[in-house]
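Accompanying notes for the structure given below.
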Amino acid sequence: MNQHDLDNAMAGDYVMGLLDGAEHAAAERRLATDPSFAHAVSAWRARLADLDLTAEETPPSPALWQRIADATKLAPIDAPLEWAVTSNGVFYAALIAVRPDGSFDDGDIRAQTTLTLENMKHCLEAAGGTMDDVAQVTVYLTARKDAKIMNEVYATYFNKPYPNRATVVISELLVPGCIIEMVVYAHIGAK
Amino acid sequence: MTGNGTITARLQAPDLLDREREAQLAAALARCAAGDRTALRVIYDSEAPRMVGIARRILFRQDLAEEAVHDAFIRIWRGAAGFDPRRGSARGWLYAVVRNRALSIHRDEHRYEASDDSVQDVDCEATLSRMPETSALRRCLEQIDRPRRDVVVLAYVHGMSHGELAGRLKVPLGTVKSWVRRSLFALQECMG
């Protein structure tokens, strides 16, 4: 087989769901970067699409939408970053006080800390984890005086044993009015 | 309510309704990418029941199927900007997301116990007969002899791996791989 045939066969196996973990991941990377491979995948999806329509429509339980709504409270961001990513079971996130509609809460330290931690919780839950999975947090503050209230709010979101933590005071954050950011690492399902 | 609206809708050709639904879904994905959460609900109301059905054929359990749909909607919300209408239908994209999630759960949970009756009940011919007579895929699958064509249905619809296919069809792994290869080649030749 030439390269074109090999790519076409890989695209077919990818759409069929027959690639193993490593091959599947490689195909997903190519799908994002290689237009001719993406084209082959689209063609296979279109060929096999009628099989999807043979699935019986099965009503989901009423609670499912609420769970999805809760897990998608953060708006997608207009910047080249994700609020959170997972890799090999490790969860990485950098969070600020952004509201579900994408607007920024420029309130006081209590409000911003609370919303930042709420966002952390939503991202973890969306990744299948909980606050108990958090291993390390770095808190960035723009004013030393905010540490006390930040600590008060922080303590209400975590159980003992607390995550490891560093707190850093910096001159400013990029988003105007933002006075706190948290960078978090978690091992989903480790506990 | 006179019911007139319903009657008018029923008189529309099915493919026209499909095209309308496709356009609505593509527009809803664009709105998701712009951060409009009501658009995610539009997609959910239209497609969640079918997506649960698709996941259930792979996972055989309602709770696991709903888990796959839950994960799929989070990915749809976060990845909506990645949908490109020039590269395929919105529905195909949505269903690919839920199939990927269901396959991933299926692999992680090492399902298909020998005693799993629901897997034994899988009937490939019944699936084929649910496709419209006019379906090119159905016509082309029917030209492939059984059990070679079964590998397409068992893998695509029920998420079986090469190993699971070999076990179910009681043939060596190499034979299964060759059947998959030849069946896909035949489908491409037949459908273009």
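Proteins come first, then strands; the chains are lettered A, B, ... in the order of their sequence lines, and each starts at number 1.
With a threshold of 4.5 angstrom between heavy atoms, B:M191 approaches chain A through side-chain atoms but not through N, CA, C or O. Looking at B:R50, both its backbone and its side chain come within 4.5 Å of chain A, counting heavy atoms on both sides. For B:L103, the part sitting under 4.5 Å from any heavy atom of chain A is the side chain, from C-beta outward, and nothing else. Of the atoms belonging to B:S135, heavy atoms from both backbone and side chain fall under 4.5 Å from chain A. Only the backbone of A:P59 comes within contact range of chain B, judged by heavy atoms closer than 4.5 Å. Neither the backbone nor the side chain of A:V41 comes within contact range of chain B; no heavy atom of the residue lies under 4.5 Å from a heavy atom of that chain. Neither the backbone nor the side chain of A:D5 comes within contact range of chain B, judged by heavy atoms closer than 4.5 Å. For B:V151, the part lying under 4.5 angstrom from a heavy atom of chain A is the backbone only.
For the options A:I68, A:D52, A:L48, heavy-atom pairs under 4.5 Å to chain B are most numerous at A:D52. Taking chain B as the reference chain and counting heavy-atom pairs below 4.5 Å, the highest number among A:S61, A:G12, A:G128, A:A126 is found for A:S61. Of the listed residues A:A32, A:P35, A:A49, A:A9, the one with more heavy-atom pairs under 4.5 angstrom with chain B than any other is A:A9. Most heavy-atom pairs under 4.5 Å with chain B: of the set A:G21, A:A55, A:A38, this distinction falls to A:A55. Contacts with chain A were tallied for B:R91, B:R41, B:E47; B:R41 has the most, counting heavy-atom pairs under 4.5 Å. Annotation: maximal heavy-atom pairing with chain A below 4.5 Å, among B:N100, B:V180, B:L165, occurs at B:N100. Chain A forms more heavy-atom pairs under 4.5 Å with one residue of B:G53, B:P49, B:A48 than with any other, namely B:P49. Contacts with chain A were tallied for B:R138, B:M51, B:E67; B:E67 has the most, counting heavy-atom pairs under 4.5 Å.
Residues B:R21 and B:L25 form a side-chain contact, since some pair of their non-hydrogen atoms from C-beta on lies under 4.5 Å apart.
Residues A:T54 and B:R57 bring a donor and an acceptor atom of their side chains to less than 3.5 Å of each other. For the residue pair A:D70 and A:Q66, a side-chain donor N or O sits within less than 3.5 Å of a side-chain acceptor on the partner.
A salt bridge is absent between B:E164 and B:R107; no separation between the charged side-chain nitrogens and carboxylate oxygens falls under 4.0 Å. A salt bridge links A:R30 to A:D7: at least one charged side-chain nitrogen sits closer than 4.0 Å to a carboxylate oxygen. A salt bridge between A:R110 and A:E152 is present, with a side-chain N of the basic residue lying under 4.0 Å from a carboxylate O of the acidic one. Taking the charged nitrogens against the carboxylate oxygens, B:R146 and B:E125 do have a contact shorter than 4.0 Å, which makes a salt bridge.
A cation-pi arrangement is absent between B:R101 and B:F73 under the rule of less than 6.0 angstrom and at most 45 degrees off the ring axis. A cation-pi arrangement, defined by a distance under 6.0 Å to the six-membered ring centre and an angle within 45 degrees of its axis, is present between A:R165 and A:Y154.
Within 6.0 Å of atom CD in A:E56, 12 or fewer heavy atoms from other residues, nucleotides or ligands are found, so the atom counts as exposed in its surroundings.
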